[in-house]
Amino acid sequence: MCGRFTLRAPASRIVEVFQLDAAPDWSPRYNIAPTQQVFAVRADGTTRHGVLLRWGLVPSWADQLDKSGRMINARAETVAVKPAFRRLIARRRCLVVADGYYEWQKRDGGKQPYWIHRSDDGLFAFAGLWDRWEKGDEPVESCTIITTDANRLTRSIHDRMPVILEPEHYQRWLDPANHDVSSLQQLLVPNEQQPLRADPVSTYVNQVRNEGPRCIEAVAL
DNA sequence: CCAGACGTTGTT
DNA sequence: GTCTGG
DNA sequence: CCAGACGTTGTT
DNA sequence: GTCTGG
């Protein structure tokens with residue numbers, strides 16, 4: 001699954017890598033948690049914009065903003081049929097930009113966090129869905145990250161992982177005119193292409209208030 | 001028809 | 001909004 | 001995902 | 001145990 005991740009790159013680098021026409025400011029983050037803002041990419045035709053979205057989907061029909069930190073993930077296997085996501089997969093897709101994410105491995109006596117990232121520390125993107133909620137004083141745009149089975153590298157840590165899209169699939173995923181759900185769903189598979197590595201890190205990352213390089217410092221097991 | 005849920009994870 | 005359960 | 005609260009009354 | 005907040 002994906003319940004915590006990193007994005008340390010400045011906005012300028014994200015703009016370059018994802019070829020964005022506009023983007024919000026971004027400060028390096030080592031411990032992005034649900035309910036916080038994430039850096040997402042949406043497309044308008046072939047033009048891509050960077051936007052900040054609240055992580056944890058608040059569907060347009062939700063009565064209240066709270067209690068929404070629950071839809072932080074959507075299962076790839078069922079996203080096209082679940083009422084909460086079905087309508088979004090056809091027309092409200094986005095990329096969630098990251099450069100690493102955390103998984104907790106259950107072991108005797110506790111949980112060991114791992115930081116999973118590209119061996120070259122490059123940026124990547126999760127497949128996401130977003131929505132706009134307008135029942136409060138201010139509209140809220142929020143998102144969820146799609147998950148799938150773990151890949152070979154991460155299977156021993158946890159049985160699920162976020163969907164990491166390949167750059168050549170970004171446009172197909174983002175294109176708002178693409179309503180071919182079955183071809184979109186084919187993209188939602190465990191990523192074996194990215195050169196990922198998994199480093200055990202200390203439980204410092206467990207606390208949401210902890211932030212900074214210490215979150216990703218590798219520890220010996 | 002209306003009312004109520006709408007999610008994932010992990011654990012049992 | 002849309003689906004399920006009654 | 002993990003951490004932390006989980007309650008009411010009345011007083012400051 | 002279960003819910004909320006980050």
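Here the structure is a predicted model, which means the values were calculated and not measured. Numbers restart at 1 for each chain; the letters A, B, ... are given by sequence-line order, proteins then strands.
Pairing of C/dT2, defined by two Watson-Crick or G-U wobble distances under 3.5 Å, is identified with B/dA5.
Atom CD of A/Q207 and atom P of E/dG5 are 18 Å apart (whole Å). Straight-line distance from the CD atom of A/E77 to the C1' atom of B/dT9: 13 Å, rounded to whole Å. If you take CZ of A/R92 and P of C/dG1, they are 12 Å apart, rounded to a whole angstrom. In this structure, A/Q105 places its CD atom 17 Å from C1' of D/dC2, rounding to the nearest Å. Nucleotide B/dT8 holds its P atom 16 Å from the CD atom of A/E103, rounded to whole Å. Separating the CG atom of A/N210 from the C1' atom of E/dG6 is a distance of 12 Å, rounded to the nearest angstrom. As a whole-Å value, the separation of A/R70 CZ from E/dG6 C1' is 16 Å. Taking atom CZ on A/R86 and atom C1' on B/dA5, their separation rounds to 16 Å, with Å as the unit.
Using P as the reference atom, B/dT8 and C/dT4 are 15 Å apart when rounded to the nearest Å. Spacing of P atoms, D/dA5 relative to B/dA5, comes out at 28 Å, to the nearest Å. As rounded to the nearest Å, B/dT12 and E/dT2 have C1' atoms that lie 16 Å from one another. Only the C1' atoms considered, B/dG4 is 28 Å distant from D/dG7, to the nearest whole Å.
Of the options A/R13, A/R29, A/H117, A/R8, a side chain to side chain donor-acceptor pair (under 3.5 Å) to A/D99 is made by A/R8 and by none of the others.
Under a 4.0 Å N-O distance rule, the pair A/R209/A/E211 does not qualify as a salt bridge. Contact check on A/R160 versus A/D149 returns a salt bridge, with a Lys/Arg side-chain nitrogen under 4.0 Å from an Asp/Glu carboxylate oxygen. The pair A/D131-A/R87 counts as a salt bridge, with a side-chain nitrogen and a carboxylate oxygen less than 4.0 angstrom apart.
When distances are taken from the side chain of A/R209 to each of D/dC1, B/dT8, D/dG4, the shortest belongs to D/dG4. Checking D/dC1, D/dC2, C/dC3 against every side-chain atom of A/P83, the shortest atom distance belongs to C/dC3. You'll find that the side chain of A/I72 is closest to D/dC1, out of D/dC2, D/dC1, B/dT8. Checking B/dT9, B/dG7, D/dC1 against every side-chain atom of A/A84, the shortest atom distance belongs to B/dG7. Side-chain proximity of A/T78 to B/dG7, B/dT8, E/dG6: nearest is B/dT8. Side-chain atoms of A/R4 lie closest to E/dG6 of the nucleotides C/dT2, B/dT8, E/dG6. Taking the side chain of A/W61 as heavy atoms from C-beta on, and the options B/dT9, B/dC6, E/dG6, the nearest nucleotide is B/dC6.
Note on A/T144: nothing from the nucleic acid sits closer than 4.0 angstrom, heavy atoms only. Residue contacts for A/F5: at a heavy-atom cut-off of 4.0 Å it reaches no nucleic acid atom on any strand shown. In this structure, A/D159 reaches the sugar-phosphate backbone alone: every heavy-atom distance under 4.0 Å involves primed, P, OP1 or OP2 atoms, never a base. Across all strands, A/A74 comes closer than 4.0 Å only to sugar-phosphate atoms, never to a base (heavy-atom distances).
Taking the side chain as every heavy atom from C-beta outward, A/V41 and A/L174 approach each other to under 4.5 Å.
Cation-pi contact between A/R42 and A/W130: present, with separation from the ring centre below 6.0 Å and deviation from the ring axis of at most 45°. Geometrically, A/R4 does not engage A/Y102 in a cation-pi contact, judged by NZ or CZ lying under 6.0 Å from the ring centre and within 45° of the ring axis.
Taking 4.0 angstrom as the limit, A/T203 places none of its side-chain polar atoms (N or O) nearer than this to OP1 or OP2 of D/dC2. For A/R75, a side-chain nitrogen or oxygen approaches OP1 or OP2 of B/dT9 to under 4.0 Å. Between A/Q36 and E/dG5 there is no side-chain N or O to OP1 or OP2 distance below 4.0 Å. Checking the phosphate oxygens (OP1, OP2) of B/dG7, no side-chain nitrogen or oxygen of A/N73 falls inside 4.0 Å. At least one side-chain nitrogen or oxygen of A/R160 sits closer than 4.0 Å to the OP1 or OP2 atom of B/dT9. Within the 4.0 Å cut-off from OP1 or OP2 of D/dC2, at least one side-chain nitrogen or oxygen of A/K111 is found.
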